[in-house]
Amino acid sequence: MYAKTMSVENLTPLEKRAALGLAGVFALRMMGLFLILPVFALFADRLQGATPVLIGLAVGAYGLTQALLQIPFGVLSDRIGRKPVIIGGLLLFALGSAVAALSTTIEGVILGRFLQGAGAIAAAIMALAADLTRETSRTRVMGMIGASIGMAFIASLILGPLLAVNLGIAGIFWITAILALGGVAMVIWWVPKPDHCSIHREAEPIPAMLGQAMTHPSLFRLNFGVFILHLCLTAVFLVVPLELRDRFALVTADHWQLYLPVMVLAMGLMVPFIIIAEKRQKMKEMLLLAIAVAGLSLLAMGLTDGGIWLFGGIMLLFFAAFNLAEAIGPSWVSKVAPAEMRGTAMGAFASSQFAGAFVGGLGGGWVRHEFGDAGVFVFAAGMMLIWLLLLLGIQRPRHLSNYLLPLQGLDLSDLAALQRRLLAVPGVAAAQIIVEDGVAYMKVDNAQFNSSDLDGLVGVQV
């Protein structure tokens with residue numbers, strides 16, 4: 001039966017290999033970006049010419065080139081192949097790491113960070129994942145790759161302080177270069193080579209649709225929101241390591257002892273709220289709650305006097321709220337973006353995230369120079385308030401899922417009639433037929449939709 005072929009099946013051996021390999025490559029690269037986050041502010045004053053503004057720029061510089069080049073590199077991968085672009089991006093990242101490692105000036109490190117960000121391979125990795133997977137398993141594989149980012153971030157907070165104490169900042173950059181080269185080896189010898197490269201609108205950005213993705217009312221608010229979220233994260237890490245060292249006399253090698261329980265507990269604390277957001281369809285309420293808690297936590301970190309336990313508790317609330325917002329954002333984008341431009345919407349969302357990291361580093365450094373550490377927390381809290389106010393007017397998302405219907409076996413002689421028949425299937429909220437892609441992109445309500453209802457379509461081979 002057609003329903004059976006379209007059900008969610010177990011991953012094939014090739015899909016498992018692709019998922020593990022690409023998730024590994026993504027994780028290695030993101031660790032290379034994140035490892036200096038919890039320690040750079042502690043050691044950067046040893047670099048010639050370092051100022052708070054330039055230190056902040058060095059932390060966030062990668063975000064600018066990442067945001068600008070991610071989509072062009074994805075388009076390039078459509079033309080010359082996925083693996084050459086991914087390997088070239090990793091080599092560029094390794095070059096940037098080496099430049100930063102060899103630099104004795106803050107300007108050299110900034111150049112290295114710009115080069116690291118220029119290895120913008122996220123869109124190419126997602127496109128390769130789409131090439132190597134079936135429509136029925138693609139979402140699961142994409143989720144595995146996305147989860148690797150969170151794991152890399154947590155690992156970086158734990159390993160960064162330990163590595164910095166023993167190897168210094170230069171040593172960390174050399175490690176990131178090695179990680180990038182390890183990613184190259186994984187792409188060459190582990191990740192399967194696709195039989196052919198296709199454009200997958202649900203997985204990769206389409207430049208012609210970028211304007212629509214950026215100006216869509218709900219998507220604009222979500223893009224601006226993730227921009228602020230990562231602006232705040234980057235700005236906060238310009239001062240949190242200094243607070244732990246200077247205010248609480250916690251030596252750098254022991255910073256992980258605070259980060260580890262905070263991050264683990266924060267991940268657990270957000271889970272019930274994710275369930276409420278998805279299962280009870282309270283996504284807007286949960287996102288507003290996350291923003292409010294994150295903003296109040298930032299304000300408390302900047303203005304509250306107390307011991308390290310109080311500070312750690314406030315950090316826990318901030319990261320629980322951050323993780324909740326970080327999880328809701330992509331899910332919301334996926335729900336509101338038209339199915340045929342989901343990849344473009346996710347690409348614009350990711351570019352906004354990286355742009356936020358750049359502005360957070362530069363802006364946070366300037367605020368710290370002018371108003372001190374407490375000023376950075378207050379600045380970040382104010383940005384959260386702006387996002388909260390902007391989000392009040394957003395429309396609640398319909399809880400729809402994306403569904404891809406292969407066109408093989410369908411009667412394509414009258415596309416308008418086929419689209420009407422698709423829309424008449426219970427639970428189908430939207431359908432867009434793209435013949436050149438070989439699929440119909442659909443939005444469905446899983447509470448009403450049953451893929452077996454598609455068996456009745458004229459022309460379906462069962």
Side-chain angles (χ1 to χ4, degrees), residues 34 36-47 50-61 63 106 157 160-161 164 225 227-252 254-259 261-263 265-266 289-323 325-326 356-389:
F34 291 149
I36 73 160
L37 192 61
V39 294
F40 190 72
L42 298 170
F43 293 85
D45 57 1
R46 302 177 186 180
L47 295 167
T51 67
V53 175
L54 292 180
I55 291 171
L57 178 57
V59 171
I106 190 67
L157 293 185
F227 171 88
I228 288 180
L229 193 63
H230 283 264
L231 180 157
C232 292
L233 179 70
T234 307
V236 161
F237 271 102
L238 295 177
V239 291
V240 163
L242 298 173
E243 293 286 295
L244 296 180
R245 183 192 67 186
D246 301 336
R247 200 206 305 187
F248 303 113
L250 188 66
V251 298
T252 302
D254 293 337
H255 284 196
W256 71 271
Q257 297 178 13
L258 179 64
Y259 292 139
V262 163
M263 295 305 299
L265 291 173
L289 176 64
I291 298 168
V293 171
L296 291 173
S297 300
L298 290 166
L299 199 61
M301 278 192 278
L303 302 180
T304 301
D305 290 326
I308 192 169
W309 287 105
L310 176 61
F311 191 80
I314 298 171
M315 280 185 61
L316 170 60
L317 290 176
F318 170 74
F319 278 107
F322 176 90
N323 291 336
E326 183 86 335
F358 169 71
V359 175
L362 184 60
W366 179 83
V367 171
R368 179 172 171 246
H369 175 72
E370 296 292 330
F371 304 102
D373 291 357
V376 175
F377 290 118
V378 174
F379 162 68
M383 295 303 296
M384 284 290 182
L385 176 60
I386 293 174
W387 183 20
L388 184 68
L389 295 175

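Scope of the values below: all heavy atoms of this structure, side chains included, with no hydrogens, waters or symmetry mates. Owing to the predicted nature of the structure, the values given are computational and were not obtained by experimental measurement.
A41 and I55 make their closest contact through CA-CG2, 4.4 Å (heavy atoms, listed as atom of the first residue, atom of the second, distance). In plain terms, the two heavy atoms of I314 and S297 that are nearest each other are CG2-O, 3.3 Å. Taking all atoms of both residues into account, the shortest heavy-atom contact from A50 to A44 is CB-O, 3.3 Å. Closest approach of A294 and A321 over heavy atoms only: N-CB, 3.7 Å. The two atoms that bring L42 and P38 nearest to each other are CD1-O, 4.1 Å, heavy atoms only. Nearest heavy atom pair, residue A266 against residue L316, reads N-CD1, 3.4 Å.
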With a cut-off of 3.5 Å and sequence neighbours excluded, list every side-chain donor-acceptor pair involving residues 228-248.
residue: H230; atom: NE2; partner: E326; partner atom: OE1; Å: 3.0
residue: H230; atom: NE2; partner: E326; partner atom: OE2; Å: 3.2
residue: T234; atom: OG1; partner: H230; partner atom: O; Å: 2.9
residue: E243; atom: OE1; partner: R247; partner atom: NE; Å: 2.9
residue: E243; atom: OE1; partner: R247; partner atom: NH2; Å: 2.4
residue: R247; atom: NH1; partner: T304; partner atom: O; Å: 3.3
residue: R247; atom: NH2; partner: M301; partner atom: O; Å: 3.3

Using distance only, find each side-chain donor-acceptor pair of residues 366-380 under 3.5 Å and give its atom names and separation, not counting sequence neighbours.
residue: R368; atom: NE; partner: D373; partner atom: OD1; Å: 3.2

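For F34, the ring pair (Phe, Tyr, Trp, His ring centres under 6.0 Å) partners are F153, not counting sequence neighbours. Checked against side-chain contact (heavy atoms from CB on, under 4.5 Å), L54 has the following partners two or more places apart in sequence or in another chain: T51, L57, I106, E107, I110.
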Evaluate side-chain contact (heavy atoms from CB on, under 4.5 Å) for F322 paired with L298, printing each intermediate quantity in order. CA-CA 11 Å; F322 176 90; L298 290 166; over 6 Å; no
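L388 contributes atom CG, which lies 10.0 Å from atom CG of L289 (distance to the nearest 0.5 angstrom). With values rounded to the nearest 0.5 angstrom, D305 atom CG is found 9.5 Å from L310 atom CG. One distance of note links CE of M315 with CZ of F319; it measures 5.0 Å at 0.5 Å rounding. The CH2 atom of W256 sits 15.0 Å away from atom CE of M263, with the distance rounded to the nearest 0.5 Å. For the atom pair CZ of F318 and CG of N323, the computed distance is 9.0 Å after rounding to the nearest 0.5 Å. How far CD1 of I308 is from CG of L250: 4.5 Å, rounded to the nearest 0.5 Å.
Residues W387 and M384 form a side-chain contact, since some pair of their non-hydrogen atoms from C-beta on lies under 4.5 Å apart.
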